[in-house]
Number of protein chains: 2
Amino acid sequence: MYERIRNIREDRDMTQSQMAEYLRIHQTTYSDYEIGKLNIPVQVLDKIADLFETSIDYLVNRTDVEIPYPLKK
Amino acid sequence: MYERIRNIREDRDMTQSQMAEYLRIHQTTYSDYEIGKLNIPVQVLDKIADLFETSIDYLVNRTDVEIPYPLKK
DNA sequence: ATATTTTAAGGGAATATCCCTTAAAAGTCA
DNA sequence: TGACTTTTAAGGGATATTCCCTTAAAATAT
């Protein structure tokens with residue numbers, strides 16, 4: 001389901017535990033997100049997009065453009 | 001919270017009931033989303049972005065660029 | 001091979017979701 | 001202005017989902 005998030009994470013050499021720590025959630029919860037067992041809250045997508053300097057649209061596979069629009073603030 | 005979604009909806013002269021019908025949810029649920037009483041699932045944001053031809057990033061206030069990213073498919 | 005690291009399954013208490021009814025607010029027009 | 005209509009939001013509850021825990025499985029390293 002969220003294949004793209006998994007791919008970016010692996011590209012950047014991060015483990016699920018590191019992601020979980022960054023997001024302040026449990027590793028198993030993060031795993032549930034990647035697998036698609038749980039819906040990823042938009043707040044989480046927001047932080048992942050920040051971390052990987054991309055857009056939520058890219059993360060959820062709405063676009064293939066990886067570079068984000070200019071961010072606010 | 002989701003001021004921007006409300007604004008676009010009003011710009012396009014749509015009522016909450018019309019949005020709810022499009023999204024196949026109840027009007028009160030849609031209201032809860034706009035108010036920020038409930039988290040908007042990404043699937044819903046996806047459909048709203050489609051309807052208004054913009055990006056999820058714009059809807060959730062990550063960017064001020066209103067045009068959508070090049071879409072997939 | 002086995003020890004270590006990383007990821008995923010099972011399960012349950014706590015929480016959030018979604019919708020219902022209905023109330024409040026906003027808009028219409030005589 | 002007041003009655004009427006339309007639109008939006010509050011209260012509340014059954015149900016579904018979330019999040020984390022423990023632990024197992026899978027992958028990786030030594």
Side-chain angles (χ1 to χ4, degrees), chain A residues 1-64 66 68 71-73, chain B residues 1-66 68-69 71-73:
Chain A
M1 173 111 195
Y2 289 104
E3 199 68 21
R4 183 159 273 173
I5 294 176
R6 163 158 304 189
N7 289 337
I8 302 184
R9 174 178 64 79
E10 291 176 343
D11 285 349
R12 314 279 173 115
D13 287 315
M14 292 196 57
T15 66
Q16 290 187 348
S17 291
Q18 290 174 315
M19 291 295 289
E21 185 178 20
Y22 166 72
L23 296 169
R24 301 181 153 281
I25 59 177
H26 200 273
Q27 173 267 322
T28 56
T29 302
Y30 180 83
S31 172
D32 289 341
Y33 290 157
E34 265 192 6
I35 291 171
K37 197 167 141 194
L38 296 182
N39 297 319
I40 307 187
V42 67
Q43 296 85 346
V44 169
L45 290 169
D46 194 67
K47 294 178 82 173
I48 296 176
D50 282 346
L51 181 64
F52 293 148
E53 297 178 288
T54 186
S55 66
I56 293 178
D57 287 66
Y58 182 76
L59 292 178
V60 303
N61 230 30
R62 273 182 62 81
T63 185
D64 288 329
E66 192 166 354
L71 300 178
K72 297 197 58 161
K73 276 198 294 319
Chain B
M1 174 106 195
Y2 290 104
E3 199 67 23
R4 182 159 274 175
I5 294 176
R6 162 158 305 188
N7 288 338
I8 302 183
R9 174 178 64 78
E10 291 177 342
D11 285 349
R12 314 280 173 115
D13 288 316
M14 291 196 58
T15 66
Q16 290 187 348
S17 291
Q18 289 174 315
M19 292 295 289
E21 185 178 20
Y22 167 72
L23 296 169
R24 301 181 152 282
I25 59 176
H26 200 274
Q27 173 268 321
T28 56
T29 301
Y30 180 82
S31 171
D32 288 341
Y33 290 156
E34 265 191 7
I35 291 171
K37 197 166 142 194
L38 297 181
N39 296 319
I40 307 188
V42 68
Q43 296 85 347
V44 169
L45 290 170
D46 193 67
K47 294 178 81 172
I48 295 176
D50 281 345
L51 181 64
F52 293 148
E53 296 177 287
T54 186
S55 67
I56 294 179
D57 284 59
Y58 181 76
L59 292 178
V60 302
N61 231 29
R62 275 182 63 81
T63 185
D64 288 329
V65 178
E66 192 166 353
Y69 290 108
L71 298 178
K72 296 200 57 160
K73 278 203 269 25

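Lettering follows sequence order; numbering is per chain, from 1. Owing to the predicted nature of the structure, the values given are computational and were not obtained by experimental measurement.
The side chain of Leu38(B) lies closest to dC18(C), out of dT18(D), dC18(C), dT7(C). In this structure, of dC21(D), dT7(C), dA10(D), it is dT7(C) that holds the atom nearest to the side chain of Ser17(A). For Asp32(B), the side-chain atoms get nearest to dC19(C) when compared with the rest of dC19(C), dT22(D), dT6(C). Across dT7(D), dA8(C), dC19(D), the shortest atom-to-atom separation from the side chain of Thr15(B) is found for dT7(D). Distance from the side chain of Lys37(B) is smallest for dG11(D) among the nucleotides dG11(D), dT7(C), dT7(D).
In this structure, CE of Met19(B) is placed 13 Å from P of dA9(D), rounded to the nearest angstrom. Rounded to whole Å, the distance from CG on Asp13(A) to P on dT28(D) is 12 Å. The separation between Glu34(B) atom CD and dT7(D) atom C1' is 11 Å, rounded to whole Å. Summarising the geometry, the separation between CD1 on Ile35(B) and P on dT17(C) is reported as 14 Å, rounded to the nearest angstrom. Following rounding to the nearest Å, Gln18(B) (CD) and dT8(D) (C1') show an atom-to-atom distance of 14 Å. The separation between His26(B) atom NE2 and dG11(D) atom C1' is 14 Å, rounded to whole Å. Here the C1' atom of nucleotide dT15(D) and the CD1 atom of Ile25(B) are 17 Å apart, to the nearest Å. dC19(C) atom P lies 14 Å from atom CD of Glu21(B), rounded to whole Å.
Within 4.0 Å of Thr29(A), counting heavy atoms only, lies at least one base atom of the nucleic acid. Nucleic acid contact for Tyr33(A): sugar-phosphate only, since backbone atoms but no base atoms lie under 4.0 Å from a heavy atom of the residue.
One finds a side-chain N or O of Asn39(B) lying less than 4.0 angstrom from the OP1 or OP2 phosphate oxygen of dT17(C). At dC20(D), none of the side-chain N or O atoms of Thr28(A) fall inside 4.0 Å of OP1 or OP2 (strictly under the cut-off). Remark: Arg6(B) is in phosphate contact with dA9(D), judged by side-chain N or O atoms under 4.0 Å from OP1 or OP2. OP1 or OP2 of dT7(D) has not a single side-chain nitrogen or oxygen of Arg9(B) nearer than 4.0 Å. Between Gln27(B) and dC19(C) there is no side-chain polar atom (N or O) within less than 4.0 angstrom of OP1 or OP2.
Note on Arg4(A) versus Asp11(A): no salt bridge recorded, every NZ/NE/NH1/NH2 to OD/OE distance being 4.0 Å or above.
Under a 3.5 Å cut-off, the side chain of Arg62(B) and the backbone N or O of Ser55(A) do not form any donor-acceptor pair. No donor-acceptor distance shorter than 3.5 angstrom exists from the side chain of Asn39(A) to the backbone of Val42(B), with no hydrogens or angles considered. Between the Tyr33(B) side chain and the Tyr2(B) main chain, no donor and acceptor come within less than 3.5 Å of each other.
When all heavy atoms are compared, the tightest approach of Val60(B) to Leu45(B) is CG1-CD1, 3.8 Å.
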